[in-house]
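Just below is one structure, and these are the notes that go with it.
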Amino acid sequence: MPFRSIFDAGDVMSEFESAAINCKFIPLIWKHVIQNPNCELDEVPSLPSAAYILLQSKFKPLTSTLHSVTDSSDRLTTKLLIKLGNGALVESVIMRYDTRLGKYAGKPRPGGPRSTLCISSQVGCKMGCKFCATGSMGFKSNLSSGEIVEQLVHASRFSPIRNVVFMGMGEPLNNYAAVVEAIRVMTGSPFQLSPKRITLSTVGIIHAIKKLHGDLPGLNLAVSLHAPIQDVRCQIMPAARAFPLVKLMDTLQEYQRNSQQKILIEYIMLDGVNDEEQHAHQLGNLLETLEVVVNLIPFNPIGTLSQFRASSQQNVSRFQKILRGTYDIRTTIRKEMGQDISGACGQLVVNQSDKRATEDPPLLPDIEDLQLR
Ligand code: SAH
Ligand code: SF4
């Protein structure tokens with residue numbers, strides 16, 4: 001039996017319970033590992049002796065390693081390439097949205113710089129969206145909940161993370177149990193991320209969305225809609241056939257009735273495919289009865305054998321104007337970050353030039369954010 005990650009919460013809890021060890025020690029172990037990522041588990045102080053024997057025989061502090069770290073030229077984005085226990089590589093991207101001076105009347109945001117971490121839930125993805133680099137790899141494997149949490153542990157060495165978005169590799173709702181468990185760990189002690197600062201982005205797996213609010217109340221939901229009618233959606237997202245738009249919209253209505261939260265609608269702008277005036281009107285009508293924020297995403301062609309082109313600036317702003325002006329829908333245009341390091345969403349390009357040495361991590365975790373309760 002290979003060693004499991006100490007962040008695989010379900011496994012650790014069931015082992016502790018069957019050995020009659022109090023589970024209250026688990027967050028203490030996590031806190032120690034976060035502060036000392038190179039430690040051994042027998043170095044965690046003040047545990048019952050039975051815990052040391054169990055931990056040493058079944059668990060490792062981290063099962064993944066930092067393979068490479070690449071900063072974008074403006075240093076606002078850092079891509080972590082993480083090697084899993086099975087040798088596969090996944091990416092996580094740190095985006096320092098809030099550190100930009102000038103954003104709030106020339107002053108940094110109160111509370112200091114805080115970053116958003118984009119994490120992966122699978123190696124590859126079986127949904128096969130035609131514009132997505134991850135989709136072109138096919139599905140390779142699921143991450144365990146511990147491997148999902150470990151991305152946050154690695155990233156916390158570089159930046160204090162306040163927001164997490166599941167917009168890296170994979171379809172999180174196709175790895176439902178592990179993703180739910182990982183989010184529960186992230187929102188508990190010692191990470192204490194607020195659930196409303198965690199955004200799960202999905203292509204629209206209807207049966208999973210139906211369970212989501214019950215399992216993770218307060219979570220932010222983002223839906224990759226990308227087209228206002230079933231026909232166009234099927235052209236660019238083969239999975240849309242299994243999850244028809246009408247049923248998806250009914251499911252989102254139900255989700256919103258229960259959660260009482262806005263839903264983020266992601267819409268990738270593809271020239272001549274879904275970016276015309278009629279599409280904006282169709283989308284406006286489709287979303288009329290939902291409370292949403294629409295995020296228009298510039299298409300990033302890196303890493304895809306692409307039949308698509310990005311929409312012109314003109315088309316993007318026309319689309320935004322229609323949604324705002326005619327339908328009164330809050331509509332933003334996603335700022336492109338980290339393109340020079342292939343760190344944009346949906347892109348996995350293993351380019352190892354220009355990377356930082358990982359042997360010398362620059363910063364310790366920001367412990368201030370990891371209060372133990
Ligand atoms: N599987 C989930 C989450 C990962 S993809 C989902 O599809 O929602 C995260 C986001 O990146 C999605 O909105 C996806 O459509 C977008 N994306 C994928 N490929 C892209 C590309 N080439 N350019 C811009 N965005 C892309
Ligand atoms: Fe999978 Fe999301 Fe890429 Fe589609 S866009 S292939 S669902 S990762």
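Indexing begins at 1, ligand by ligand and atom by atom, following the structure's order. FYI, the numbering just counts along the sequence from 1.
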Check each atom of ligand 2 against the heavy atoms of G135 and keep those under 4.0 Å away; list them by number with element. 6 (S)
I'd like to know whether ligand 1 has G168 as a neighbour, heavy-atom separation below 4.0 Å. yes
Can G170 be said to touch ligand 2, with heavy atoms closer than 4.0 Å? yes
Distance filter under 4.0 Å to E266 heavy atoms, resulting ligand 1 atoms: 10 (C), 12 (C), 13 (O)
Using 2.8 Å as a strict upper limit, say whether an N, O or S atom of C125 approaches atom 4 (Fe) of ligand 2 that closely. no
Any nitrogen or oxygen of S201, side chain or backbone, less than 3.5 Å from one on ligand 1? yes
Could you verify whether a donor N or O on one side chain and an acceptor N or O on the other, from S224 and E266, lie under 3.5 Å apart? yes
At the 4.0 Å heavy-atom cut-off, does H226 count as touching ligand 1? yes
Strictly distance-based, threshold 3.5 Å: is any side-chain N or O of K58 a donor or acceptor partner for the main-chain N or O of R4? no
Does E43, at its CD atom, have more than 12 non-hydrogen atoms belonging to other residues, nucleotides or ligands within less than 6.0 Å? yes
Steps toward side-chain hydrogen bond (donor to acceptor under 3.5 Å, both in side chains) verdict (H154, S64): CA-CA 9 Å; H154 288 302; S64 62; 3.0 Å; yes
If you take the nearest heavy atom of each of C118, A133, S224, which one is closest to atom 13 (O) of ligand 1? S224
Distance filter under 4.0 Å to G128 heavy atoms, resulting ligand 2 atoms: 6 (S)
Show which atoms of ligand 1 fall inside a sub-4.0 Å distance from at least one heavy-atom site of I297. 13 (O), 24 (C), 25 (N)
Decide yes or no on side chain to side chain contact (heavy atoms under 4.5 Å, CB included) for Y327 and I322, but give the supporting numbers first. CA-CA 7 Å; Y327 300 92; I322 295 173; 3.9 Å; yes
Numbered atoms of ligand 1 (with element) below 4.0 Å of F166, judged on heavy atoms: 3 (C)
Which atoms of ligand 1 are found less than 4.0 Å from any heavy atom of N300? 21 (C), 22 (N), 23 (N), 24 (C)
My understanding is that we take every heavy atom of each candidate and find the minimum distance to atom 24 (C) of ligand 1. Doing that for I205, I265, I268, T134, which one comes out nearest? I268
Where N274 and H226 come nearest, the two heavy atoms and their spacing: ND2-O, 2.7 Å
For ligand 1, is there an N or O atom under 3.5 Å from any N or O atom of G170? yes
In one Ile/Leu/Val/Met/Phe/Trp/Tyr side-chain cluster, 4.5 Å: F308, Y267: yes
Ligand 2 atoms in contact with V203 (distance to a heavy atom under 4.0 Å): 7 (S)
Would you call S121 a ligand 1 contact, heavy-atom distance under 4.0 Å? no
Distance (rounded to the nearest 0.5 Å) between I161 CD1 and R197 CZ: 12.5 Å
Taking the side chain from R330 and the backbone from E291, do they hold a donor-acceptor pair closer than 3.5 Å? no
Under 4.0 Å, heavy atoms only, figure out whether ligand 2 is touched by the backbone of C132, its side chain, both or neither. side chain
Would you mind telling me if ligand 1 is within reach of the side chain of P298, the backbone, both or neither, using heavy atoms under 4.0 Å? backbone
Can you tell me if CD on Q314 sees more than 12 non-hydrogen neighbours from other groups inside 6.0 Å? no
No-hydrogen, no-angle side-chain donor-acceptor test under 3.5 Å, S194 and R162: no
